[in-house]
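Order of appearance sets the numbers: ligands from 1, and atoms from 1 within every ligand.
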Amino acid sequence: GGGWDSSYLADDAEYDDALRPQRLSEVVGQRAVVERLEVFLDATRKRNEPLGHLLLDGPPGLGKTTLASVLPRELGTELQITSGPSLSAPKDLLPYLTNASHGSFLFIDEIHRMPATVEEFIYPAMEDFRVDITLGEGLNARTVNMKLQKFTVIGATTRSGMLTAPLRDRFVRREHLDFYEDVELIEIVRRNAKKLRTEITDEAAFEIARRSRGTPRKANNLLRWARDYATSKADGNITNDIVARAFEMLEIDQIGLERQDRRYLETLIKTFSGGPAGVQALGHSLNIPADTLEDEVEPFLLRSGFIQRSPRGRIVTMAALEHLKLTPPDAGAL
Ligand code: ADP
């Protein structure tokens, strides 16, 4: 999904697809998750049964869609793709269910955004591989029961907490994707530079990795930007010097803070005296939906130790003030 911070960097599906690993063996990092999925796949193959429904959760850009597309390829089966927001009524979901062949996969991105009517419609489909369809209206209405092939739902969500318990319970396996280590991101940058037929030095790969906020999609976007910059301003090779200049132009600092992260922190410091401030209030001040702040901005700031959550809201930390080279607005609050 596109982020609010992507104005200067394309973040669309086409970009993602070109660099997406094709096989499980090409997936970098997430070792524990991948190993469990291998067992899951292996058992499925040996029993010749469809894979149980799988829920993937974690922040955007960490590989949920990647895993969802790799698994059917490993099993040599088909994949259909849809998303919660595009399923506004049961009739939108029905074609996917009836098209699903035995053992095939249905990937539902942002599954937490599926309306309640669709959610109720999918329960029997996931549990018993059948749907109840109402035909006609009023007094003539009748329900027919339709059998489906045994298929696998892979749900992806950035907010597993927003999933209803009945929906969550219908997933046999749930896997959480976590942020990546720098060494893993370096590996992803190196491999993808090769796919893009671009030379990159080890230092430059590291400089990209450390600005990627633990997120492969970010690493890919920054790699593409560095490559464009290198092509425009130099001979096309990505060196340390090129990377430094390219990121200065994007206003991304050494640890990956972007203009909008700094705006968040500055607003928390200046408008809210360092906090505590509620995420709704922060969203209002920044003119950014609170959901977006929670999904796409705060995880990195929390992980970097620049903000803390308290029962009364977000609080800026000394580390943030030091990083921004600011003095405490109200030392008492910190
Ligand atoms: P999500 O669905 O969680 O938002 P994606 O699966 O679309 O994230 O990942 C975005 C891009 O990041 C992919 O196209 C791929 O190039 C890269 N990527 C993600 N996870 C990995 C991984 N484990 N190994 C290599 N590349 C990855």
Side-chain angles (χ1 to χ4, degrees), residues 1-6 9-38 41 54-74 79-86 105-113 153-160 162-163 174-198 200 205 208-209 211-227 256 291-292 294-297 299-300:
W4 65 302
D5 59 344
S6 348
L9 290 174
D11 190 19
D12 55 32
E14 204 180 314
Y15 263 32
D16 277 345
D17 284 346
L19 298 178
R20 189 163 272 142
Q22 301 292 301
R23 306 303 298 238
L24 209 50
S25 59
E26 293 167 38
V27 171
V28 176
Q30 309 289 352
R31 274 350 285 171
V33 174
V34 169
E35 277 169 25
R36 283 192 292 268
L37 289 176
E38 272 165 355
L41 278 177
L54 171 68
L55 183 67
L56 299 170
D57 87 82
L62 296 196
K64 296 182 293 298
T65 309
T66 299
L67 288 175
S69 57
V70 158
L71 295 178
R73 203 172 284 120
E74 291 288 337
L79 170 69
Q80 303 186 81
I81 299 176
T82 183
S83 72
S86 69
F105 285 71
L106 173 59
F107 177 55
I108 308 179
D109 201 4
E110 295 186 75
I111 195 165
H112 60 278
R113 293 180 60 191
V153 173
I154 302 187
T157 180
T158 49
R159 332 190 99 210
S160 58
M162 273 177 63
L163 237 58
R174 285 167 240 162
E175 293 291 353
H176 174 74
L177 298 189
D178 226 321
F179 291 106
Y180 290 67
E181 302 293 329
D182 280 353
V183 283
E184 294 163 345
L185 292 165
I186 290 171
E187 179 63 22
I188 291 172
V189 168
R190 281 220 198 90
R191 288 186 191 194
N192 289 343
K194 204 170 278 171
K195 283 190 194 169
L196 296 170
R197 298 205 184 78
T198 301
I200 184 166
I208 291 176
R211 286 173 172 84
S212 300
R213 313 163 66 114
T215 307
R217 177 178 291 133
K218 203 99 210 171
N220 287 346
N221 288 343
L222 296 182
L223 172 64
R224 291 200 188 255
W225 167 252
R227 178 172 173 258
D291 269 8
T292 309
E294 283 193 78
D295 282 356
E296 299 183 27
V297 184
F300 181 66

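The distance from ligand 1 to the heavy atoms of Ile188 drops below 4.0 Å at these ligand atoms: 24 (N), 25 (C), 26 (N). Close approach of ligand 1 to Val27 is summarised as follows: ligand atoms under 4.0 Å from at least one heavy atom of the residue are 23 (N), 24 (N). Close approach of ligand 1 to Tyr180 is summarised as follows: ligand atoms under 4.0 Å from at least one heavy atom of the residue are 20 (N), 21 (C), 22 (C), 23 (N). Listed by number with element, the atoms of ligand 1 under 4.0 angstrom from any heavy atom of Pro216 are 12 (O), 17 (C), 18 (N), 19 (C), 20 (N), 27 (C). Close approach of ligand 1 to Gly63 (heavy-atom distance below 4.0 Å) involves ligand atoms 1 (P), 3 (O), 5 (P), 6 (O), 8 (O), 9 (O), 19 (C), 20 (N).
Residue Pro21 places no N or O, backbone or side chain, under 3.5 Å from any N or O of ligand 1.
Using a 4.0 Å cutoff on heavy atoms, Pro60 counts as a contact of ligand 1.
Looking at Leu19, Thr66, Asp57, Leu185 and measuring to atom 13 (C) of ligand 1, the nearest heavy atom belongs to Thr66. Of the candidates Arg191, Arg217, Glu184, the one placing a heavy atom closest to atom 10 (C) of ligand 1 is Arg217.
The salt bridge (Lys or Arg N to Asp or Glu O under 4.0 Å) check on Arg174 picks up nothing, with sequence neighbours excluded. In this structure Asp291 satisfies the salt bridge (Lys or Arg N to Asp or Glu O under 4.0 Å) test together with Arg159, sequence neighbours excluded.
Once rounded to the nearest 0.5 Å, the distance linking CD of Glu175 with OG of Ser160 reads 12.5 Å.
A donor-acceptor contact shorter than 3.5 Å is absent between the side chain of Arg190 and the backbone of Ala205.
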